[in-house]
Structures are given as C-alpha cells and as structure tokens.
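Written out below as structure tokens is the structure these notes cover.
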Amino acid sequence: MTQSTPMAPNSLSQLTLTRPDDWHLHVRDAQALAAVVPHTAAQFARAIIMPNLSTPVTTTEQALAYRERILASVPKGVRFEPLMTLYLTDTLAPTEIERAHQSGHVVACKLYPQGATTNSDKGVTSIEKIYPVLEAMQKTGTKLLVHGEVTDPDVDVFDREAVFIDRHLEPLRKRFPALKIVFEHITTQNAVQYVKSADQNLAATLTAHHLLFNRNALFKGGMRPHYYCLPVLKKEVHRLALVEAATSGDPRFFLGTDSAPHAAHLKEHAQACAGCYTAFGAMSMYAEIFERLGRLDRLEGFASHFGPDFYELPRNTDHLTLVKAPWVLPESFAYGDALLKPLMGGETLAWQTRLGA
Ligand code: DOR
Ligand code: ZN
C-alpha cells in the first residue's frame, strides 16, 4: 500500500492498493452480463463466480462456456479473470471434480442447502450424500464454498446461520479436516467466533452490506426490498462483530461482495427476490467502513491479500487507487429490458476508485 499524503491512516486523501479481488460474486447470464461485468472489472482483477444460474453450472463444460460468456462482457483493455465454480447437487459425480480441477479454471464448488436461497432448488438435500464428492475435492485441493444456513422451517430465519454451524459445519470439518472451506457471507457474531476458533482451513467472506447495515435498514420508513438478501441482515451486535473481524487484520476474513443483481421490478415485488446489488460502488463502500474505524491501513490485506493467499493463487501485481472525492451512486442502470437498482443508489459515497498499472 502506498500513501500519497503523509497523514494518519484515517485522514488520507488517496490510497493505492494492490488490485483487489471479489471472492463471491453473482453476474447472472445473457444480457445481464453486459450490464454488471464491467462494474466489477473496473475495480477487481478476479472474482469467484457463483454457479446458481437458473440452470445451475454443474459440469466443467458448462463452467468453461459460462467463463467465455463472461469474458466477452469485459471491456477492452481491462484485465479481469472469472474464477469458476461448480454447483453441488445430490447426484454430482466425483469424477466431475477431477475434470474440473484439470481444466485449470474451476477453483471451487458451492454448497447450497436445497431451498436456502435464489436458484437453490437443485441444491444438496443432505451433506452425507455428497461425501464422495467432498473426498474428491479434498484430494484435488478444490475449495468448498458454503451457504451456511439451515433450511429447516422450524428454525427462525435470524438463527439459521448459527444453527448451521452446529448441525452441519462442525461435523463436516471433522470429517474432512484437509478440505479448505469458505464460510460465505457470514452475518453473525457466532460465525465470527467459530471461524476464529477454527484452524487455517476455514475462512469467511464478508459483504459490504452486512458490514454497513443492520436489520433496521429493512424497515426504515417502510419495507425496503433492496436491503433484502440472504442470509438476512442481523442485529447491530452482529454487525459490530463482522466489522471488527473485517478490520482486525486476521487473514481468515476477506472480501466477497455477494453482489447479486435482480431486476428492480422483481425486488419491488410482493415476494421480493433476495440479493443486494453492490458491485458498482463496492470498493467505495468497503473503504467507508474501514475509514470509520480508523483502519484504512488494513483494507489492502482484507481486499487484496488474504483472499489469494487462502485460495493459493498469486496476489495481483496491478493496482487500484482510492481517491477521497464524494460522488453520488447512480439510482439505476439498464439491465437488459429492465432496470437494476444498486443498494445505496442516490446516496453519496466518500471514495472514488481508479484503476492503475
Ligand atoms: O441474497 C442473496 N442473493 N443470497 C444468496 O445466497 C443468493 C443471491 C442471489 O443469487 O440472488
Ligand atoms: Zn451469493
């Protein structure tokens, strides 16, 4: 990290970081790609691409074809590499893991408990069923990415992450101690404590929206569907634990936006889709949080170093500069024939980003 002004970390006017990566991202498919991929590529060098398309990405062949479609949406002159994932189902063959590994482009598999979230209806019904696949992943070094919520309707929606740890994550880690697992988009103090107490094979990603907002944001002045995501926003005590973890310098906590675009008319709906679109202003949002804590000097580790280190990939060698210059996040973008409304649209953010060599 280089600083252009010799001031305390919390009063910088400009901050140059190793270019960051987004370790959890949804870009959808078809027309949506052209709308959202440039937003991510303007900041991040790489992103872990979630496989929950309406037809999930369950084969290496599908992942490679999807990768090409994403690359076709990257603006000329911008370096951006999609890191692909497969969607785990009850019936995925362990041989597919070997094939995926050999491709050189699939780095992880995503475990969605069936019914947990958007396009998870083909997800896993019981983790025991995928033990042979997890065995193959452990052998090949393929990372396991977990949507850590139980789907049991008897469990309160705000407790589903905490219950998942005891019921599923702990037994899973005991059975596959060498499997590297990312507990995605954690939202609770329980998850922070669990990751801290675990060994170096468990890490967690943190979204900008879970760091910035608590569940009050969902109801301020009326129902606010653009703040609805899964896992749902939690109480302030949990948000504070997440902020502390993100800004602590502990390498097991790193950046994953979980930016999840949905057409505005499907968000502003009686049955609103889950997902916050944060890709466009993502690094500005994260900078805002680190600045508030007086920990801007720790942003680079969180955004640019700890992720590649966990995934055993090289750190980027190019840079992203954050400039302190207030700007207003656009209220909407074209999204195919629809509109896409970013979280915090119309609001002022303090930091602008510029790509550099
Ligand atoms: O809020 C969410 N949106 N959480 C997820 O787990 C999935 C995502 C999506 O795909 O829309
Ligand atoms: Zn996600």
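Order of appearance sets the numbers: ligands from 1, and atoms from 1 within every ligand.
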Checklist line | Residue A260 vicinity, atoms of ligand 1 by number, heavy atom under 4.0 Å | finding: 3 (N), 8 (C), 9 (C), 11 (O)

Next item on the list: Return yes or no for this condition: an N or O of G275 is under 3.5 Å from an N or O of ligand 1.
Entry: yes

Next item on the list: Can you spot which of T188, I186, V192 makes a side chain to side chain contact (heavy atoms under 4.5 Å, CB included) with H238?
Entry: T188

Next item on the list: Examine the side chains of Q352 and S284 and answer whether a donor and an acceptor come within less than 3.5 Å of each other.
Entry: no

Check: Can you tell if the side chain of Y335 reaches within under 4.5 Å of the side chain of V36, non-hydrogen atoms only?
Finding: yes

Checklist line | Location of contacts on C229 toward ligand 1, heavy atoms closer than 4.0 Å | finding: both

Check: Can Y311 and R46 be counted as having a side-chain donor-acceptor contact under 3.5 angstrom?
Finding: no

Check: Does any donor atom in the side chain of T58 or Q62 lie under 3.5 Å from an acceptor atom in the other side chain?
Finding: yes

Notebook entry, point to check: Quick one: does N119 get within less than 4.0 Å of ligand 1, heavy atoms only?
Noted result: no

Margin query: Looking at the Zn ion (ligand 2), is there an N, O or S atom belonging to H147 that lies under 2.8 Å away from it?
Written below: no

Item checked: Contact check: L230 vs ligand 1, nitrogen or oxygen atoms, below 3.5 angstrom -> yes

Notebook entry, point to check: Taking the six-membered ring of F158, is NZ or CZ of K235 closer than 6.0 Å to its centre and within 45° of its axis?
Noted result: no

Check: Which of the numbered atoms in ligand 1 are below 4.0 angstrom from a heavy atom of D258?
Finding: 4 (N)

Check: What protein heavy atom is closest to atom 3 (N) of ligand 1, reported as residue, atom name and distance in Å?
Finding: A274 O, 3.0 Å

Notebook entry, point to check: Is the Zn ion (ligand 2) less than 2.8 Å from an N/O/S atom of H26, whether that atom is in the backbone or a side chain?
Noted result: yes

Check: Heavy-atom contact under 4.0 Å between H262 and ligand 1?
Finding: yes

Next item on the list: Between E149 and ligand 1, find which residue part has any heavy-atom pair under 4.0 Å and reply side chain, backbone, both or neither.
Entry: neither

Margin query: Nearest 0.5 Å, please: how far is CG in L144 from CZ in F176?
Written below: 9.5 Å

Next item on the list: Could you tell me if any non-hydrogen atom of H24 lies under 4.0 Å from any atom of ligand 1?
Entry: no

Notebook entry, point to check: For ligand 1, does H147 get within less than 4.0 Å through its side chain, its backbone, both, or neither, judged by non-hydrogen atoms?
Noted result: side chain

Check: When the aromatic ring centroids of F213 and H209 are compared, is their separation below 6.0 Å?
Finding: no

Check: In D258, what N, O or S atom is nearest to the Zn ion (ligand 2), if we give its atom name?
Finding: OD1

Check: Hey, what do you get for NE2 (H269) to OH (Y228), rounding to the nearest 0.5 Å?
Finding: 13.0 Å

Check: Would you say N52 has any N or O atom under 3.5 Å from an N or O of ligand 1, going by distance alone?
Finding: yes

Check: Has ligand 1 got any nitrogen or oxygen that is less than 3.5 angstrom from a nitrogen or oxygen of Y228?
Finding: no

Notebook entry, point to check: When you check the side-chain N and O atoms of E96 and T59, is any donor under 3.5 Å from an acceptor?
Noted result: no

Checklist line | Closest protein heavy atom to atom 5 (C) of ligand 1, given as residue, atom name and distance to 0.1 Å | finding: T117 OG1, 3.0 Å

Next item on the list: With Y286 as reference, evaluate W351, F302, F254, F44 under the ring-ring contact (aromatic ring centres under 6.0 Å, His included) test and give the passing residue.
Entry: F302

